[in-house]
Amino acid sequence: MHRWSELFIPTLREAPADAEVASHKFLVRSGYIRQLSAGVYSYLFLGQRSLNKIMGIVRQEMDKIGQEFFLPALHPRELWEESGRWSVMGDNMFRLKDRKGTDMCLGMTHEEVMTSIARKELRSYKQLPQIWYQIQTKFRDEARPKAGLLRVRQFTMKDAYSFDIDAAGLDVSYLKHYDAYCRIFDRCGLKYVVVEAHSGAMGGSQSHEFMVRTPAGEDQIVGCESCSYAANLEKATSKLAPVEDLAAAGDGRPLEVHTPNMKTIEDVSKFLGTSPKNNIKTLAYMADETDPENGKAKLRAVVALLRGDHQLHETKLSSALAGRQTRPMQEEEIKRFFGSPAGYLGATGIEWAKDLGDRERPVLLVDKALEGRANLVGGANKEGYHLKNLTPGRDFQPTIYADLRTVTAGEDCSNCGGRLRIDTAVEVGHIFKLGYKYSESMGARVLDRNGKEVAPIMGSYGIGIERILTAAIEQSNDENGFWLPPQIAPFEILVTPTNMKDDILSSTALDIVRRLEAAGFEVLLDDRDERPGVKFKDADLVGIPFRVTVGKKVTEGTVEVVRRSTREIQDASIAAITEYFEKLLRPSR
RNA sequence: CGGGGAGUGGCUCAGCCUGGUAGAGCACCUGGUUCGGGACCAGGGGGUCGGAGGUUCAAAUCCUCUCUCCCCGACCA
């Protein structure tokens with residue numbers, strides 16, 4: 001029997017001063033967690049119980065499609081050099097040396113370790129497909145940990161990896177995970193959306209994120225109000241209303257106009273009496289062209305062109321560059337490259353790379369919204385001057401056209417024309433098709449049906465365990481505390497006798513707890529010698545979805561059952577209390 | 001990494017400007033009265049004022065350095 005008086009449940013009347021978001025405040029106030037250092041937390045009794053239940057659900061569903069492993073968190077440097085991520089991960093990876101001075105790191109994910117097992121052991125297509133997963137501590141030296149358990153440096157992740165002989169097999173493994181994830185989040189009682197996500201620099205082809213909408217989130221997701229379209233902002237597209245091009249001025253060739261001190265699109269279009277939609281926004285970046293072979297650091301100029309009223313999305317920019325890192329050009333670099341200060345930049349008069357493989361010349365990325373447009377206004381690369389009549393493909397040759405712009409709320413869905421909305425959300429799960437990146441670079445090979453050596457195709461799938469708890473709290477809280485779905489709450493029922501010194505109340509409460517426990521419920525008895533008000537306040541705080549108040553009504557043979565989420569109170573017969581909760585919590589049986 | 005803020009008892013915070021040797025509420029311990037929404041009375045314990053150095057007769061308070069934490073931004077397979 002779990003007696004509150006004997007347990008360590010350090011509830012706080014006030015939230016710690018440094019807590020901002022609801023889940024952070026309540027996790028600390030309810031005695032679920034305590035902070036050790038920035039982004040590093042201890043999980044106490046209630047918190048660990050809840051996380052254990054979440055992991056139990058994850059394990060059950062994952063066991064249906066895969067096999068549980070447990071891999072080391074401590075990895076040798078060589079392994080990460082094989083995949084190239086020792087350098088790619090940069091400061092986000094915790095690194096250390098052992099006593100011999102050998103470089104080691106703490107795992108951020110386990111593609112390398114899993115692949116190292118696969119390459120040693122997998123020999124034949126007959127052994128495929130394989131799905132291996134684990135629930136493990138992950139370490140990421142986040143530049144800025146924040147918001148309690150939302151963004152931390154040490155956390156628990158369920159990560160899974162699939163190995164298939166071909167893309168069709170990967171499709172199957174991917175779908176299995178998609179379905180398993182839906183079951184997991186459903187069973188955890190989360191309201192979530194699945195969005196298309198960009199698959200990142202790792203050469204992935206398809207990717208979905210499982211998101212929980214909450215203002216505390218750090219990701220932005222786009223959703224259609226009319227159809228099922230949903231995507232991460234860094235991937236989302238929309239349908240744009242057509243724009244009328246300006247009539248050609250003069251002979252139709254680029255025409256220089258004097259625009260003194262007109263440095264912004266707004267100024268220029270006002271000055272010329274045009275709309276920003278007929279302007280070209282020119283943004284200058286430097287991309288990392290470090291040679292992966294010899295590690296020689298190199299930068300290359302990248303210029304992005306967008307419609308004047310559009311915003312660049314830097315992740316899209318990076319994706320368009322096959323994952324290269326970018327940063328805005330500095331003032332000096334701009335002057336050197338364009339021969340003009342910012343405000344008058346344009347794409348004319350520069351010889352651009354023909355494709356991304358052409359590593360010598362600068363890259364010109366043009367947003368798709370400018371494809372087919374004509375007679376636009378843009379900078380002349382000359383202080384105080386802009387050009388009219390600019391037509392992409394004629395006056396400058398784009399390296400590629402790409403989707404670079406940020407979708408904004410209220411635009412039309414490219415699927416159905418419905419209205420798009422944007423919400424912030426927390427990512428609780430992410431699945432994606434890795435392709436051959438790890439199997440190829442790390443030398444995993446199996447023989448296919450024809451006896452030919454091929455690299456297996458991989459997928460990788462993650463779930464943030466603590467984020468499920470955090471998201472659940474963000475979804476269900478009020479000024480007094482929070483409530484968790486029974487499936488992931490540390491206890492399903494809290495039994496609160498209003499006065500422990502009253503023998504009838506305390507013995508009735510004990511009896512109720514015994515019977516509920518015998519019936520398989522997870523029950524916490526608040527047997528503390530506290531005033532009722534104190535117990536009720538704590539009961540509201542700690543996330544347990546149901547409370548049984550054992551009070552005056554015992555003389556009538558009843559107790560009160562309080563549903564935390566709605567505050568709804570029902571009298572229930574003491575004699576039939578187990579049946580009452582059977583109906584409520586185990587309706588399928 | 002850039003910008004901002006904060007470190008004083010377990011928690012929330014005052015005191016700092018204007019230097020004189022630390023205080024409130026909550027929590028905790030003892031006794032009593034209470035007992036359906038964070039009780040009351042009486043008594044009590046607990047603080048290297050984040051750390052180091054400096055100025056001064058005297059430093060929580062002024063100066064320098066440093067560590068830690070929080071917020072905004074950058075970053076985020």
Side-chain angles (χ1 to χ4, degrees), chain A residues 10-21 24-25 28-29 31 34-41 80 83-93 107-112 138-148 150-153 155 157 159 161 197-204 207 209 217-219 232 234 314-315 318-319 323 325-328 427 430-435 437-438 458-462 464 479-481 496-502 505-506 526 528-541 547 549-554 559-560 562 567 569:
Chain A
T11 58
L12 263 31
R13 187 181 288 225
E14 285 167 286
D18 52 22
E20 291 281 317
V21 302
H24 184 197
K25 287 180 191 164
V28 175
R29 278 193 60 198
R34 286 293 184 263
Q35 184 174 28
L36 182 63
S37 70
V40 182
Y41 286 85
W80 285 73
S83 69
R85 292 164 98 199
W86 178 262
S87 55
V88 170
M89 287 309 180
D91 290 339
N92 266 7
M93 189 152 71
M108 305 175 68
T109 60
H110 282 73
E111 280 85 356
E112 283 81 359
K138 298 284 190 281
F139 298 89
R140 291 182 194 180
D141 195 359
E142 290 287 348
R144 187 149 98 78
K146 57 184 273 201
L150 226 42
R151 185 175 194 74
V152 288
R153 300 197 294 170
F155 60 99
M157 183 185 231
D159 51 322
Y161 306 87
H198 93 120
S199 28
M202 291 322 196
S207 172
E209 287 168 338
E218 303 193 278
D219 284 301
N232 194 304
E234 58 195 39
E314 291 200 15
T315 307
S318 170
S319 295
Q325 303 275 327
T326 60
R327 62 155 176 85
E427 176 189 347
H430 193 170
I431 58 180
F432 69 100
K433 295 182 178 174
L434 280 176
K437 149 121 182 134
Y438 294 92
M458 292 173 62
S460 128
Y461 317 88
E479 65 279 8
N480 295 309
T496 307
T498 55
N499 186 347
M500 276 310 284
K501 286 190 177 137
D502 184 320
L505 295 188
S506 58
D526 190 353
R528 292 175 298 167
D529 185 18
E530 288 285 357
R531 299 165 60 84
V534 174
K535 294 188 178 188
F536 292 156
K537 286 288 183 193
D538 274 345
D540 286 348
L541 181 61
R547 181 179 94 208
T549 308
V550 183
K552 289 174 257 186
K553 292 176 185 164
V554 292
V559 288
E560 284 171 0
V562 185
R567 290 280 165 101
I569 301 174

Distance between P atoms of B/rG4 and B/rC11 (Å, rounded): 28 Å

Minimum side-chain heavy-atom gap A/T549-A/V559 below 4.5 Å: no

C1' gap between B/rU12 and B/rA6, integer Å: 14 Å

Distance (rounded to the nearest 0.5 Å) between A/K433 NZ and A/S460 OG: 13.0 Å

C1' atoms of B/rG25 and B/rC40, separation to the nearest Å: 16 Å

Heavy-atom donor-acceptor pair, A/R153 side chain to A/A38 backbone, under 3.5 Å: yes

Touch class at under 4.0 angstrom, heavy-atom based, for A/M157 against every strand present: base

Exercise: identify the closest heavy-atom pair between A/A197 and A/H430: CB-NE2, 4.1 Å

Same-atom distance (P) from B/rU68 to B/rA27, integer angstrom: 34 Å

Integer-rounded Å distance: B/rA77 C1' and A/M458 CE: 12 Å

Distance, rounded to the nearest Å, where A/K437 contributes NZ and B/rA77 contributes P: 13 Å

Nearest-0.5 Å distance that lies between atom CG in A/L12 and atom CZ in A/R34: 5.0 Å

Pair A/R85 + A/E111, salt bridge at N-O below 4.0 Å: yes

Expected rows: protein N/O vs nucleotides 70-73 of chain B N/O, under 3.5 Å:
| from | atom 1 | to | atom 2 | distance (Å) |
| --- | --- | --- | --- | --- |
| B/rC70 | OP1 | A/Q35 | NE2 | 3.0 |
| B/rC72 | OP2 | A/R144 | NH1 | 3.1 |
| B/rC72 | OP2 | A/R144 | NH2 | 2.7 |
| B/rG73 | N7 | A/R144 | NE | 3.4 |

A/Y161 (side chain) donor-acceptor with A/H110 (main chain) under 3.5 angstrom: yes

Touch class at under 4.0 angstrom, heavy-atom based, for A/P10 against every strand present: nothing

Sugar-phosphate only, base, or nothing, as touched by A/A15 at under 4.0 Å among non-hydrogen atoms: sugar-phosphate

Whole angstrom value for the distance that separates C1' of B/rA39 from NZ of A/K535: 15 Å

C1' gap between B/rG38 and B/rU56, integer Å: 48 Å

Partner nucleotide of B/rG23 by Watson-Crick or wobble geometry (both distances under 3.5 Å): B/rC13

P spacing across the pair B/rA24 / B/rG9, given as an integer number of angstrom: 14 Å

Paired nucleotide for B/rU56 [Watson-Crick or G-U wobble; both distances under 3.5 Å]: none

Nearest-Å distance for atom pair CE/C1', residues A/M93 and B/rC76: 15 Å

Heavy atoms from other residues, nucleotides or ligands near CG of A/N480 exceed 12 (cutoff 6.0 Å): yes

Nearest-angstrom distance, P atom, B/rA60 to B/rU8: 15 Å

Watson-Crick or G-U counterpart of B/rG43, or none if no pair lies under 3.5 Å: B/rC29

Atom pair distance, as rounded to whole Å: CZ in A/R153 and C1' in B/rC69: 11 Å

Distance, C1' atom - from B/rG47 to B/rG7, rounded to whole angstrom: 14 Å

From A/D526 atom CG to A/K535 atom NZ, the distance as rounded to the nearest 0.5 Å: 4.5 Å

Distance, rounded to the nearest Å, where A/E142 contributes CD and B/rC76 contributes P: 10 Å

Whole angstrom value for the distance that separates C1' of B/rC13 from CD of A/E14: 9 Å

G-U wobble or Watson-Crick pairing nucleotide for B/rG2 (cut-off 3.5 Å, both distances): B/rC72

Base versus backbone protein contacts along nucleotides 31-37 of chain B [heavy-atom cut-off under 4.0 Å; B, S, -]: ---BBBB

Nearest atoms (heavy-atom pairs only) where A/R151 meets A/E218: NH1-OE1, 2.9 Å

SB check A/D540 A/R567 (cutoff 4.0 Å): yes

Who pairs with B/rU18 - Watson-Crick or G-U, where each distance is under 3.5 Å: none

Whole-Å gap separating P (B/rU12) and NZ (A/K25): 13 Å

Nucleotide nearest A/R13 (side chain, heavy atoms from C-beta), chosen from B/rC76, B/rC11, B/rG38: B/rG38

5'-most by nearest nucleotide on RNA chain B - A/E218 or A/L12: A/L12

